[in-house]
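Here is the structure we will look at.
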There are 4 protein chains.
Amino acid sequence: MHDHSDVLHRLKITEGHLRGIQRMVEEDTYCIDIIRQIQAVQSSLNKISAKLLEGHLNSCLITAVRGDDPLEQERVLKEINEVFEAANKI
Amino acid sequence: MHDHSDVLHRLKITEGHLRGIQRMVEEDTYCIDIIRQIQAVQSSLNKISAKLLEGHLNSCLITAVRGDDPLEQERVLKEINEVFEAANKI
Amino acid sequence: MHDHSDVLHRLKITEGHLRGIQRMVEEDTYCIDIIRQIQAVQSSLNKISAKLLEGHLNSCLITAVRGDDPLEQERVLKEINEVFEAANKI
Amino acid sequence: MHDHSDVLHRLKITEGHLRGIQRMVEEDTYCIDIIRQIQAVQSSLNKISAKLLEGHLNSCLITAVRGDDPLEQERVLKEINEVFEAANKI
């Protein structure tokens, strides 16, 4: 439904980043430098989540809110609140 | 528009918690215990934000998405994405 | 032991900020604006925690690591790890 | 210096998880489910960072604090504070 090529591209880059971090661990790189790279990966994942949510709000959410199924609308709104709460906790 | 008494109640409790933390600092409490109390305050604030977003989704968002002003809808959806991104960064 | 006047000052400002947020709620301010102010408070609390940890590392931690009580050292290092893990989860 | 086999194992699992998420995107899985999986990956990365910091505190930090190079000690303590601050912001 959405064009996910940008998200997919970012995920592939993040996967490469994570493989690089494994090499750092194997080569016994200084721990703090590894932690910083892991934090950079988490930043990238935050951006990917935001991209996905943006697509979701502009499609599924609009469909649900304009639709005539109140339970479906409630479900979609609840999910958004749940991922927001989870985002706060990560 | 919404009933914010629950949010207000939680904010007052959090303010009291923050005053308690100031006393801990004044009494030279062990730093780690102070940091833990600050983290507890941040957890409470996360719950308050989630409550507020829940109210927002169930009122303003629905109004905007069902309304006939595409710019208003775009603005409301963009804001939700922005607070989600900010939540990831705190 | 440490000079906590800076931390105390920041905590007082944060408490004032939190009282301002309560007024926003009472005056039925737009929810997203309230959420953004809560996120600003959380940012301030992050800085205060970092200040406290900095003081802790430069005093208690050094004392524990240079001392001759291995259990005390273990306890202090474990605590730092715990607040780091908790920081990740907030 | 440390035994990083556990960290390496966790990183490999996380990489596999991330590849699974790419498949979810390719198969046009429901966005919210993808966001939840990304959040699970971020939780795993938090645990890996904490493991790494634990090893760091119990080796490099102790060496630096017990050593006779005050600049090296200062550098090591500053780094720990920096990753703590960064952890708060992710």
Side-chain angles (χ1 to χ4, degrees), chain A residues 1-2 4-12 14-19 21-57 59-61 75-76 78-80 82-87 89-90, chain D residues 1-2 4-12 14-57 59-61 75-76 78-80 82-84 86-87 89-90:
Chain A
M1 187 158 29
H2 325 307
H4 280 334
S5 59
D6 176 51
V7 163
L8 208 55
H9 179 66
R10 286 168 185 259
L11 281 169
K12 273 184 208 305
T14 308
E15 188 200 331
H17 201 159
L18 209 53
R19 263 199 305 272
I21 293 172
Q22 289 172 50
R23 274 193 302 277
M24 290 173 82
V25 173
E26 283 163 350
E27 292 163 5
D28 211 13
T29 306
Y30 188 54
C31 290
I32 295 289
D33 292 335
I34 302 176
I35 292 174
R36 283 178 177 145
Q37 290 308 313
I38 291 178
Q39 292 178 330
V41 164
Q42 288 179 304
S43 259
S44 305
L45 291 174
N46 282 341
K47 280 191 203 101
I48 295 171
S49 285
K51 279 269 162 197
L52 284 164
L53 186 67
E54 193 186 357
H56 180 68
L57 294 177
S59 56
C60 307
L61 171 84
R75 193 185 60 76
V76 166
K78 197 159 168 277
E79 281 171 350
I80 293 168
E82 283 165 2
V83 295
F84 176 73
E85 270 200 88
K89 273 181 209 141
I90 295 170
Chain D
M1 185 158 31
H2 326 307
H4 280 334
S5 60
D6 175 50
V7 164
L8 207 54
H9 179 65
R10 286 168 186 260
L11 281 170
K12 273 186 208 303
T14 308
E15 188 200 330
H17 200 160
L18 210 53
R19 263 200 304 274
I21 293 171
Q22 288 171 52
R23 274 193 302 277
M24 289 173 83
V25 173
E26 284 163 350
E27 292 162 6
D28 210 14
T29 305
Y30 187 53
C31 291
I32 294 289
D33 292 334
I34 302 175
I35 292 174
R36 283 179 177 143
Q37 289 309 312
I38 290 176
Q39 292 179 329
V41 164
Q42 289 179 303
S43 258
S44 305
L45 291 174
N46 283 342
K47 279 190 204 102
I48 295 170
S49 285
K51 280 267 161 197
L52 285 164
L53 186 67
E54 193 186 358
H56 180 69
L57 294 177
S59 57
C60 307
L61 171 84
R75 193 185 59 78
V76 167
K78 197 158 167 277
E79 280 172 349
I80 293 169
E82 282 165 2
V83 295
F84 176 73
K89 273 181 208 142
I90 295 168

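The figures that follow rest on heavy atoms only: side chains count, while hydrogens, waters and symmetry mates do not. Lettering of chains follows the sequences in order, A, B, ..., and the numbering in each one begins at 1.
Residue I35(D) comes nearest to S49(A) through the heavy atom pair CD1-O, 3.9 Å, listed as atom of the first residue, atom of the second, then distance. Across all non-hydrogen atoms, the minimal contact from Q22(A) to L8(D) is O-CD1, 3.5 Å.
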- Is there a side chain to side chain contact (heavy atoms under 4.5 Å, CB included) between L45(D) and L45(A) once you walk through the steps? CA-CA 11 Å; L45(D) 291 174; L45(A) 291 174; 3.8 Å; yes
- Item | E79(D) vs R36(A), side chain to side chain contact (heavy atoms under 4.5 Å, CB included): CA-CA, chis, key distance, verdict | CA-CA 10 Å; E79(D) 280 172 349; R36(A) 283 178 177 145; 3.9 Å; yes
- Query: Going through the checks in order, is the side chain to side chain contact (heavy atoms under 4.5 Å, CB included) test met by I38(A) and L52(D)?
  - Reply: CA-CA 10 Å; I38(A) 291 178; L52(D) 285 164; 3.6 Å; yes
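The greatest number of non-hydrogen atom pairs below 4.5 Å with chain A, out of L53(D), V25(D), V76(D), is found for V25(D). For the options I80(A), T14(A), I32(A), heavy-atom pairs under 4.5 Å to chain D are most numerous at I32(A).
When atom types are taken as modelled, the side chain of Q39(D) and the backbone of V83(A) share a donor-acceptor pair closer than 3.5 angstrom.
Separation of atoms NZ (K51(A)) and CD1 (I34(D)) is listed at 14.5 Å; rounding is to 0.5 Å.
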